[in-house]
Amino acid sequence: MSVVRGTSLSGYQRLVAELGGDPAELLRAAGIRPQDVGDYEVFVPYRSLIVAVETAAAATSTPDFGRRLALRQGIEILGPLGVAARTAATVGDTFTIVETFLGAYSPAISARITPSASAGQSFYAFEILIERPPPHPQTTELSLGVSLQVLRFQLGSQYAPLSVHLPHQPLTDTADYLTYFGCRPYFNQPTTGFTLRTADLMRPLNQDALAHQAVVQYLASITTHQPGMTQSVRTMVRQLLPTGTASLELIAAQFDLHPRALHRRLSAEKTSFGELIDGVRRETAEHYLRDTDISLSHLTRELGYAEQSVLTRSCRRWFGCGPSSYRKAVRSVPPSQPGQHLAPPDRVQSTTC
C-alpha cells in the first residue's frame with residue numbers, strides 16, 4: 001500500500017507560504033486535503049506526497065525545498081515508531097527498529113543498515129518502493145534531511161555522516177550540500193543514503209526499557225495485523241472523496257495494482273468498489289447531517305459530488321428523504337438517557353421523514 005502518514009508534510013504549508021506560494025492550491029492539485037497535513041492518524045498517497053513536494057519547489061523557485069522542509073521536521077513525525085527509536089539501547093538498535101516497523105509510518109519506503117566494503121563503515125540505505133514513481137529529487141532530499149535530523153537527535157546537533165549519496169544531479173551548488181549534510185556529497189549514485197561510522201551505531205542511548213518494550217509491542221500488533229483490502233480501500237476513499245479524485249483507477253494505482261486486479265481482490269472479499277464508495281458516502285453524510293451544521297453545498301463537496309442535486313438523490317435512496325428532512329428527523333429524536341440507545345438512522349427516517 002503506497003501511502004505515508006500525514007506528518008510527512010509537517011511544516012509544508014508554512015514553508016510554502018513563506019516562500020510566496022499557495023499551499024492550499026498546491027495540496028489540492030496533489031489530491032491532499034489541507035487538514036490532513038501534519039495529522040499522524042491520516043494516510044496520504046505517497047505519489048501525492050511526491051507531487052506536493054516537487055511542485056512546491058517549482059512553484060516557489062526553491063531548488064532546495066526538500067532540504068528546507070526537512071529542517072522543520074524530526075523524529076516526532078514517526079509517531080510511535082519515533083518513540084521506539086529514541087528509547088532503544090543503542091543507535092544501531094534504533095535502525096533495527098526502523099527497518100522492522102517502518103511500515104507503520106509508510107509501507108512505501110525502506111530504510112536499513114547494510115555492510116560497507118570499507119572497514120569500520122556501514123551504509124544507511126533509503127529506498128522508495130513504489131513502482132514507476134514520478135521524478136522525485138526533492139522528496140529524496142526531504143527524506144535524507146529527516147534521516148539526518150534523526151541521527152543528530154541521537155548523536156548530537158553537530159553530527160555528520162562520512163558521506164551522502166544521492167541518485168540525482170545536484171539541485172544547487174555542491175557546496176550547499178556539504179554545508180547542509182556536513183559531509184562530502186556523491187551524485188547520480190545507484191543507492192541513496194549515508195556512509196556512517198560503524199562505531200557510531202554502537203553508541204549507547206538513554207534507554208527507557210519499559211517504554212521501549214511497550215511501544216514495540218504496540219508496533220508489532222499493528223504491523224502484523226494486516227487488514228483486508230476492503231478496509232484499506234475504504235480508508236483511501238474516505239480521504240480522497242473531498243478531492244473529487246476517488247476513482248477505481250487512482251486508488252488501484254496507490255496499491256500498485258491494475259484496476260481489474262483491485263476489482264478481483266474486492267470481489268474475493270464479497271464487495272465492489274461501487275459498494276464501498278457508496279457506503280463511505282452514506283456514513284459520511286449521516287455523520288455530517290446528524291452531528292454538524294455543515295451547509296449542504298459543503299457536504300456535496302465533502303462527498304465528492306459535482307452537484308447538490310446528486311446529494312439529494314443519494315439521500316433519498318439512503319434515507320427515504322432529502323438531506324434537510326433527514327437532518328431534522330435525526331435531530332428531533334430526544335437525547336438518550338443512560339442505558340438507552342437511539343434507534344438506528346433507518347428506523348428514525350422510516351417514521352419521521
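Quick caveat, the model's predicted, so the values are computed rather than measured. Both backbone and side-chain heavy atoms feed into the values below; hydrogens, waters and symmetry mates do not.
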Are [X] and [Y] close enough that some pair of their side-chain heavy atoms sits under 4.5 Å apart?
| X | Y | answer |
| --- | --- | --- |
| Arg327 | Thr292 | yes |
| Pro161 | Thr195 | no |
| Arg313 | Arg317 | no |
| Ser143 | Ile109 | no |
| Tyr305 | Ser314 | yes |
| Val310 | Thr300 | no |
| Val164 | Pro185 | yes |
| Leu241 | Glu302 | no |

Tell me whether [X] contacts the main-chain N or O of [Y] through its side chain, where contact means a donor paired with an acceptor under 3.5 Å.
| X | Y | value |
| --- | --- | --- |
| Thr198 | Gln121 | yes |
| Ser325 | Gly322 | no |
| Thr90 | Asp93 | yes |
| Gln35 | Arg33 | no |

Considering all heavy atoms, the nearest [X]-[Y] contact:
| X | Y | value |
| --- | --- | --- |
| Asp36 | Val42 | CG-CG1, 3.5 Å |
| Ala108 | Ser2 | CB-CA, 3.8 Å |
| Phe65 | Gln138 | N-OE1, 3.3 Å |
| Ala56 | Val16 | CB-CG2, 4.0 Å |
| Glu286 | Tyr326 | CG-OH, 3.9 Å |
| Leu27 | Pro34 | CD1-CA, 3.9 Å |

I need the [X] [atom1] to [Y] [atom2] distance, nearest 0.5 Å.
| X | Y | atom1 | atom2 | answer |
| --- | --- | --- | --- | --- |
| Asp64 | Leu171 | CG | CG | 8.5 Å |
| Tyr124 | Leu196 | OH | CG | 9.5 Å |
| Ser324 | Lys328 | OG | NZ | 6.5 Å |
| Glu54 | Leu26 | CD | CG | 12.0 Å |
| Thr230 | Phe273 | OG1 | CZ | 12.0 Å |
| Ser147 | Gln73 | OG | CD | 11.0 Å |

*Which of parallel (below 30°), tilted (30 to 60°) and perpendicular (above 60°) describes His165 and Tyr186?*
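Plane angle under 30°, so parallel.
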
*What class does the angle between the rings of Phe187 and Tyr177 fall in, given that below 30° is parallel, 30 to 60° is tilted and above 60° is perpendicular?*
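Taking Tyr177 first and then Phe187, their aromatic rings stand perpendicular (interplane angle over 60°).
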
*Judged by modelled atom types alone, do Tyr46 and Ser106 share a side-chain donor-acceptor pair under 3.5 Å?*
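There is no such pair between these side chains.
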
*Do the side-chain N and O atoms of Gln154 and Thr94 include a donor-acceptor pair separated by under 3.5 angstrom?*
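Short answer, yes.
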
Connected via hydrophobic side-chain network under 4.5 Å: [X] and [Y]:
| X | Y | value |
| --- | --- | --- |
| Phe123 | Leu148 | no |
| Leu155 | Ile75 | yes |
| Leu162 | Leu144 | no |
| Leu71 | Tyr12 | yes |
| Phe101 | Val98 | yes |

Charged N to carboxylate O below 4.0 Å: is that the case for [X] and [Y]?
| X | Y | result |
| --- | --- | --- |
| Glu269 | Arg265 | no |
| Asp200 | Arg203 | yes |
| Arg234 | Glu283 | yes |
| Arg331 | Asp293 | yes |

[X], [atom1]: over 12 other non-hydrogen atoms inside 6.0 angstrom:
| X | atom1 | value |
| --- | --- | --- |
| Arg72 | CZ | yes |
| Asn206 | CG | no |
| Arg184 | CZ | no |
| His168 | NE2 | yes |
| Arg132 | CZ | no |

*For a side chain to side chain contact (heavy atoms under 4.5 Å, CB included) with Val4, tell me which candidate from Leu9, Leu49, Ile77 qualifies.*
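Exactly one candidate clears the test, Leu49.
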
*List the steps and the verdict of side-chain contact (heavy atoms from CB on, under 4.5 Å) for Thr191 and Gln189.*
CA-CA 5 Å; Thr191 307; Gln189 297 297 297; 5.9 Å; no

*side-chain contact (heavy atoms from CB on, under 4.5 Å) between Val83 and Leu78, worked out*: CA-CA 8 Å; Val83 176; Leu78 301 176; over 6 Å; no

*Pick one: which of Arg68, His136, Arg67 meets side-chain hydrogen bond (donor to acceptor under 3.5 Å, both in side chains) with Glu141?*
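So the option named by the test is Arg67.
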
*State whether Tyr40 and Arg5 meet the cation-pi test: NZ (Lys) or CZ (Arg) under 6.0 Å from the six-membered ring centroid, and within 45° of the perpendicular axis.*
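Cation-pi check for Arg5 and Tyr40: passes.
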
